[in-house]
Structures are given as C-alpha cells and as structure tokens.
There are 2 protein chains.
Amino acid sequence: MGKGVSPAADTRGRIVMAAMELFWAKGFNSTSIADILSRTQLNAGSLYHVFPGKQDVLIAVLEAYRDGIEENLLKPAWEGVDDPIERIFALLARYRWMILETDCTYGCPIGSLALELHEADPVVRDLLAVNFANWAGAIEQCLAAAGDRLPADTDRRALGEFVLTVMEGGVMQARTHRDVGYFDRGVDALRTHFDMLLARAARRPEPVQGD
Amino acid sequence: MGKGVSPAADTRGRIVMAAMELFWAKGFNSTSIADILSRTQLNAGSLYHVFPGKQDVLIAVLEAYRDGIEENLLKPAWEGVDDPIERIFALLARYRWMILETDCTYGCPIGSLALELHEADPVVRDLLAVNFANWAGAIEQCLAAAGDRLPADTDRRALGEFVLTVMEGGVMQARTHRDVGYFDRGVDALRTHFDMLLARAARRPEPVQGD
DNA sequence: GGACGGATTGAACGCTCATTCAAGAACGAG
DNA sequence: CTCGTTCTTGAATGAGCGTTCAATCCGTCC
C-alpha cells in the first residue's frame, strides 16, 4: 500500500486540481488543454489517456466541487462559529475574503461556469444545478437550526436560495465594478432582511394553535 | 434626405443588432465573426470597414444597451404602472417573461457578458459597469419617488443595487435549473423585504427631530 | 461621361486549439 | 529475464477562428 495510488489516478488528480484553478481564473473556454498540460507538466497523451476529452475534465472538476463542499468550503468557513444565523454570514464573509484576495476578480467558480456554459450538455448542467442545490441546502440547514427564531411561516428552502442569489449577484457586481463595496452592501441588505425576520418572530413568538 | 443614412451607417446598425442577439444567445467568445456575417448577409470586408475588430463590435453593443435602456427596457416595462414600488416589480416581471419566452435559457445580456469577460479591457469593463449603474439608478429613482413610504434611514442607492443583485442571481439560478421557480422565489423574498420595510416606515412615520 | 472615393467582395493567411496516434518507457507478474 | 499491460511521449492533423487586402463595384459631383 503506502502511497497506493496508480499512476493514472495521480495524473488524474493533478489534472483536476490544475483545471479547477484555471477554470476559476480564466473560465472554461479560455482555458486550453495546453494550459493544463503546462501547469501539470504532462503531455497531451497522458491527459487523453485519463480523460476522453476536455469536457470530461470539466465534469471531473464539478464533481470535485460537489464532493468537497463540506471539507473545503463549509468547514473552514464555520470554524469557531456556532450560531446558525451567524454561520450564514460567516460563509458570506469567506466569499468577501476571496474577492479581496483576488483584487475583485474573484467570481464564484460555479456561478461563472453556469453563466459561461449556455448550451451545456445535460450532464454538465445537472452538476452545476447540484452544486447550487447543495450550497442552498447548507444554508437551509442553518435556517432549520435557527428554529423558532425565524417566523414559523418562513420557507427555509426559498430563503436558502435567496442567500445564494444575493451572494452570486453581489460577487458579480463587485467584480464588474472592481469594488467590494457592491458585495458588502448586498450582504448588508441581507442582514437587514434577517434582522426584520428575527424581529418579527420575536414579536409574535410561535403562532400557537388558535392564535 | 429621405432615408438619409449612409451605407456604412446602415451596415453598422445591422451588425450591432445582429451582434446584440448573438452575444445574448451564445455569448461573446462563442459568437464568431462568421456568425455575424451570415446573419447580416455581409462580407468580412464590410464589417472590418466599419469596425476595427471584434471587440469594437462588443463595445458598440454595450453602448447600444446603455443608450437604449429607457426606450427599450424601462418604457415598455412601466407601461400603465404608476406606483414607484410596483414599477420595480413590473421590471422584474418583464425579466420573468423573458425567461419564460426563452425556455429558461434567458440570461441578462449584461450579466452574462460581465461574467464571461473576466479580463476585459478597461473600456469594456467600464461599459458593463455603466450599464449596471444605470439599471440600479433607475430603481433608485423609483425608491426616491416612494418618498416616506420607506424608512427615512433607507439607503436608496444600496437598495437599488440590491434589486439588481436579486435579479441577476435569480436569473442565474433559474437558467441553471431550467426552472423559473428559482427566479420567482427570489422575487417573492424581495417582495417580503419591501413589505417589511414599508411596514416599518408605516409604524414610525418620519422620525421627526427628537424622536 | 468621366473620375474619384466610399463601400463591398471573397479568397487567403496565420494562428490557436482539441484531438490523435505510432512509438517507446516503466513496471509488475511469472 | 520476458512477456504483457499500463502509462507517457511529442509531433502531426485538421478544423475554426479573427483578420487582411487587392480587386471591384457604385453613387455622386463636376
């Protein structure tokens, strides 16, 4: 055993990691196979030995995002944050950090790909949708954990999607204007939204039967 | 006089119109010059007689969006709608209609281009930013017209940007899932947001001095 | 009618890209 | 060592792209 990875599996991993970074930085269409090869120090044949074509690299990348959301995104963002509502904003803060770290060129990798690949084939589109759904689902779980701090009639699934909507829209504007302020103001508005919801729930606590 | 357009101006107009549709439907990079030529029934030389290169076609398209927002977007959307808050939702309804009309493949043309053109040159980026700013500015004017129906401390500029954020994020999710529901639920959440703001303002009308 | 310049034609060019493949290296099993 | 399989090499291929340009057309004014 030891490092019991077949050479092909290692090659595959290196390609996926390089492609993740490149697709994120340059987009799918603007990333050439040659880009991936030069970054991984591989030759065309090795890549095509592992993947049938470029699109299959994309699929592997989207699967990696799907399978790594817990470990690579949520866990680090929620380190030391226990309050479920604050976890939502901690996740958004992590995106803010990424925007700053990349001089406002950051875009959510999934969001960028989703808009770039208009006529994507069904496999790709499903993977994009699953990634979105998992993200919104993570928020939904936070909202569920918030219990009756939210109004009882709150659609937690829809509110989770709304958080994703605000994140994607904010990232998009921040990047276009090259100014985090646009992201910040979106998050502020979302905070106001939550404050108003929490205040409403506090005002009329649990609508008991016969309220 | 009569149809006093020089041939070049006519050619230019046809190219811009065709490019508008193609960039919207296929994106900038995926639209070839040949696509534009076949749709306009022109030859390469005619296009390059009017435009130095492909990027200049993009610039002309973005200028057309910028100059036509009032006539082509706001005026039709606001036909017969006078209430400033309802105008906001009338505009969103128009986007919903476009989503449906295109079987959920619609993406806001500006938003799509903004995400596709990561490393756009400054001229292009500025035009994208101006288009966003004008859109948000139109909403801001609605909010200003709403006067004290909104809480006095409401940042109307930021709220205008927030509406744009929700629109773009909603369009993106609706398209990825091929389901308008995602857009609708975002608009619903925004409606809730406005309802809560309006209710708050109604509860404490104008915070008079010494409140 | 003649001449001039704006406008058009469409083949050709050079480049990048995804993909292929024959040849060979590496490695484990017997 | 030897066979067989897996994996790698890297040049070649062919399609598609944005762009160029010499030749040609055509409307206008003298």
Side-chain angles (χ1 to χ4, degrees), chain A residues 1-23 25-62 113 116-121 123-124, chain B residues 1-23 25-62 113 116-121 123-124:
Chain A
M1 310 173 198
K3 47 176 107 153
V5 274
S6 73
D10 175 60
T11 297
R12 193 190 143 94
R14 281 161 65 199
I15 290 171
V16 170
M17 195 159 300
M20 243 169 163
E21 295 170 16
L22 287 165
F23 291 168
K26 315 177 46 175
F28 176 71
N29 287 311
S30 304
T31 297
S32 66
I33 296 286
D35 287 335
I36 298 175
L37 297 178
S38 87
R39 180 177 280 236
T40 52
Q41 303 276 42
L42 292 168
N43 295 92
S46 301
L47 189 148
Y48 282 92
H49 181 71
V50 177
F51 293 104
K54 192 186 177 188
Q55 175 170 261
D56 302 272
V57 177
L58 172 62
I59 290 173
V61 163
L62 290 173
L113 290 170
E116 182 178 355
L117 306 168
H118 297 146
E119 312 166 344
D121 87 14
V123 180
V124 171
Chain B
M1 310 166 206
K3 45 178 110 152
V5 273
S6 71
D10 175 60
T11 298
R12 193 191 144 92
R14 282 162 62 200
I15 290 171
V16 169
M17 195 159 302
M20 244 168 160
E21 294 171 19
L22 288 165
F23 292 168
K26 316 178 46 175
F28 175 70
N29 287 311
S30 305
T31 297
S32 68
I33 296 286
D35 287 335
I36 298 176
L37 297 178
S38 87
R39 180 176 282 233
T40 52
Q41 301 277 40
L42 291 169
N43 293 92
S46 301
L47 188 149
Y48 282 92
H49 181 70
V50 177
F51 292 104
K54 190 186 179 190
Q55 175 168 266
D56 301 273
V57 177
L58 172 63
I59 290 172
V61 164
L62 290 173
L113 290 171
E116 181 178 357
L117 305 166
H118 296 148
E119 313 169 339
D121 87 13
V123 180
V124 172

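Just so we're on the same page: letters track the sequence lines, and every chain starts at 1.
Regarding contacts with the backbone of C/dA7, every side-chain N or O of B/Thr11 stays at 4.0 angstrom or more from both OP1 and OP2. Between C/dA7 and B/His49, a contact under 4.0 Å exists linking OP1 or OP2 to a side-chain N or O. Taking side-chain N and O atoms only, A/Asn43 has no distance below 4.0 Å to OP1 or OP2 of D/dT8.
Atom CD1 of B/Ile15 is separated from atom P of D/dT19 by 13 Å (rounded to the nearest Å). We find that CG of B/Leu42 is positioned 19 Å from P of D/dC25, with the value rounded to whole Å. Taking atom CG of residue A/Asp10 and atom C1' of nucleotide D/dT6, one finds them 14 Å apart after rounding to whole Å. To the nearest angstrom, P of D/dT6 lies 17 Å from CZ of A/Arg12.
Within the structure, ring pair (Phe, Tyr, Trp, His ring centres under 6.0 Å) contacts touching residues 36-58 of chain A (residues at least two apart or in different chains) do not occur.
In this structure a side-chain-to-backbone donor-acceptor pair under 3.5 Å is present from A/Asp121 to A/Val124.
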List the protein contact pattern of nucleotides 13-29 of chain C with one symbol per nucleotide (5' to 3'): B for base contact, S for sugar-phosphate-only contact, - for none; contact means a heavy-atom distance under 4.0 Å. ----SSBBB--------
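For A/Ser38, there are no side-chain contact (heavy atoms from CB on, under 4.5 Å) partners, not counting sequence neighbours. Residues passing the side-chain hydrogen bond (donor to acceptor under 3.5 Å, both in side chains) test with B/Glu119, sequence neighbours excluded: none. For A/Asp35, the side-chain contact (heavy atoms from CB on, under 4.5 Å) criterion is met by A/Leu22, A/Lys26, A/Thr31, A/Ser32, not counting sequence neighbours. Every residue meeting the side-chain contact (heavy atoms from CB on, under 4.5 Å) condition with B/Ala44, not counting sequence neighbours, appears here in chain and number order: B/Leu37.
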